[in-house]
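Below is one structure, written out as structure tokens; the observations come after it.
The analysis underlying the following values was restricted to heavy atoms, covering all of them including side chains, and did not include hydrogens, waters or symmetry mates. Starting from 1, each residue takes its place in the sequence as its number.
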Amino acid sequence: MESFQLLLDGFASALTPVNLLYALIGVTLGTLVGVLPGIGPAMTVALLLPITFTVPPASAFIMFAGIYYGGMYGGSTTSILLNTPGESSSMITALEGNKMARRGRAAQALATAAIGSFVAGTLATALLVVAAPAVVSFAIAFGPEDYFALAILAFTAVSSVLSRSIVRGLASLGLGLVIGLVGIDQQTGQARLTLGIPQLLDGIDVVIVAVGLFALGEALYVASRLRHVPPEVVPVGRAWMGRADWGRSWGPWLRGTALGFPFGALPGGGAEIPTFLSYAAEKRLARGVAREEYGKGAIEGVAGPEAANNASAAGTLVPLLTLGLPTSATAAILLAAFQQYGLQPGPQLFDHNPALVWGMIASLFIGNTMLLVLNLPLAPLWARVLRIPRPYLYAGIVLFAALGVYALNGTVVDLFVLYVLGLLGYAMRRFGLPVAPAVIGMILGPMAEIQLRRALAIGAGDVTVLVRSPIAAVLLVLAGLALLTPVFRRLAARRDVDGVTPSSRAD
């Protein structure tokens, strides 16, 4: 009941005319930028991060909530109309969605994606209201060693899950940890890795890192592979669904929500696994016409994964708000936004800033409704946005990123750091290193270092203090499993291949 009362207070804050305007601006900008090819929610939030610096914190995070959900929806539009997923979690939507569009059912595909996003987002946000206070009450018992173990779990899980190989994931994480070391050591007062540049004594701003690695790095990477032929956009009519489409979609929406939310809340869970599971489950449950349409444009193959994708987005907010633990690239950038306002997500955030937290959660319900009202009638307009020539598009992204970063402190050093990080982001994409572990390492690295030093100080230098707490011990075991599971899986697959005899191959 206490959570329900706090949520009502949050609605009272979110429903003021000013905050409603910010929510509308957020969902519109999020969808507009998220619709553009190759731009996912993480890059959308990173690109729009600088525009909120003059906005009060409560209004800024209401706006970010709209940008977050708007960017999630925008990725489905590019997947369906261009067969170009904005991020890995939208790949499954492209499998059936683009085939539906090529069969003349683009309107139905966009409609089931929009309504599925609304249903899943609303149900998952309701689960967030229930789950967040329970996690907060549990997190209050955390000591320094527990927070250090939690950071190690986040590092290993994200590095192993969000990359094609553990080595590349850990290499990306190492880059992020090094970036996080730049500046003055908080305990000794010594300058680290500043190269004698006074502007780096306060460290590299998280906004510069997010915009450089995500927005600028992606723009440079895509620009290096630009095709001069304009993309083929499938024409879109009025977004609508017939009675048969409704009957085939409501089940996948609910099942996708049930799969997406818990995976989003897990460290390293992400949205990729539940979208794959949802697609596989719907394909297995398909009967009659639906089974025949799989691979040719089945509406269940759009409804289920889109619901799982958006439910996972709400799930990532549980560990982010309650533990300060980002479980995805977008959550890492949202954590950077909190830190930009001098706020640290965690149990104390709910005690010290309840109006901000519950106003943001309430705005998720409002933003979901706004997205549905906006995107159903405006689907043809978003399709026209996709016709912007890509050279102009990515040149605009570079310009907007530079202006936003320069507005932070008004120094040329920030621009230089931005371009260096942009080139680093390009190189990471070029050689297959995931960007998310680097951002998470940069943000959580300083926190992990401080908690490690506190724990060792409490234990008078005894390293065993790191495993004396049952919570820390369990978290470190889970971190080891997250690191070793892909290795065991690969060894098992190799053993299966080696165990196939020539005669069995012939059979």
Side-chain angles (χ1 to χ4, degrees), residues 1-11 14 23 27 41 61-62 64-66 68-73 89 113-140 249-278 281-282 303-328 330-331 334-335 345-347 349-350 354 356-372:
M1 289 302 295
E2 183 181 356
S3 298
F4 183 69
Q5 182 59 49
L6 289 169
L7 181 62
L8 289 179
D9 294 340
F11 271 109
V27 296
F61 286 102
I62 286 173
F64 272 126
Y68 185 27
Y69 272 11
M72 293 294 296
Y73 174 78
S89 60
I115 299 171
S117 298
F118 170 76
V119 171
T122 302
L123 292 177
T125 305
L127 292 173
L128 169 63
V129 172
V130 176
V135 178
V136 165
S137 61
F138 170 71
I140 290 174
S249 295
W250 70 267
W253 290 336
L254 298 179
R255 288 188 289 268
T257 303
L259 282 171
F261 183 80
F263 271 96
L266 291 173
E272 293 82 3
I273 297 174
T275 53
F276 277 99
L277 290 176
S278 175
E282 297 308 324
E306 269 304 299
N309 190 10
N310 283 270
S312 174
T316 60
L317 295 177
V318 175
L320 175 66
L321 295 176
T322 58
L323 301 173
L325 181 69
T327 59
S328 69
T330 314
L334 287 173
L335 178 58
L349 185 68
F350 281 77
L356 186 150
V357 176
W358 289 101
M360 179 181 175
I361 293 174
S363 72
L364 294 174
F365 290 101
I366 298 168
N368 253 328
T369 306
M370 286 182 173
L371 275 172
L372 184 66

For the atom pair [atom1] ([X]) and [atom2] ([Y]), what is the distance rounded to the nearest 0.5 Å?
| X | Y | atom1 | atom2 | value |
| --- | --- | --- | --- | --- |
| T122 | L364 | OG1 | CG | 9.5 Å |
| L321 | L335 | CG | CG | 10.0 Å |
| S249 | E306 | OG | CD | 12.0 Å |
| T125 | I366 | OG1 | CD1 | 11.0 Å |
| S363 | F61 | OG | CZ | 11.0 Å |
| L127 | L317 | CG | CG | 12.5 Å |

Q: Output, in order, the C-alpha distance, side-chain angles, deciding distance and verdict of side-chain contact (heavy atoms from CB on, under 4.5 Å) for W358 and D9.
A: CA-CA 7 Å; W358 289 101; D9 294 340; 6.0 Å; no
Q | Distance-only polar pair, side chains of T316 and Y68, donor-acceptor under 3.5 Å | A |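 Looking only at side-chain atoms, Y68 and T316 do form a donor-acceptor pair, the distance falling under 3.5 Å.
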Q) Would you say the side chains of N309 and T275 form a donor-acceptor pair under 3.5 Å? A)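 The answer is no; no qualifying pair exists.
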(Q) Taking salt bridge (charged side-chain N to carboxylate O under 4.0 Å, His left out) as the cut-off, I'd like each qualifying pair that reaches into residues 113-126, sequence neighbours left out, listed once. (A)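 Salt bridge (charged side-chain N to carboxylate O under 4.0 Å, His left out) check on residues 113-126 returns no pairs.
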Q.
The criterion is side-chain contact (heavy atoms from CB on, under 4.5 Å); which residues satisfy it with A124, sequence neighbours excluded?
A.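 If we apply the side-chain contact (heavy atoms from CB on, under 4.5 Å) test to A124, skipping adjacent residues, the hits are F261, A311, A314.
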Q: Step by step, work out the side-chain contact (heavy atoms from CB on, under 4.5 Å) result for N310 and T257.
A: CA-CA 8 Å; N310 283 270; T257 303; over 6 Å; no
Minimum-distance pair of heavy atoms, taken over all atoms of [X] and [Y]:
| X | Y | value |
| --- | --- | --- |
| A120 | A307 | CB-O, 3.2 Å |
| A313 | Y69 | CB-CE1, 4.1 Å |
| G359 | A14 | O-CB, 3.8 Å |
| A362 | G10 | CB-C, 3.6 Å |
| T322 | A132 | CG2-O, 3.4 Å |

Q: Please assess L371 against F118 for the test side-chain contact (heavy atoms from CB on, under 4.5 Å), listing each intermediate value before the final yes or no.
A: CA-CA 8 Å; L371 275 172; F118 170 76; over 6 Å; no
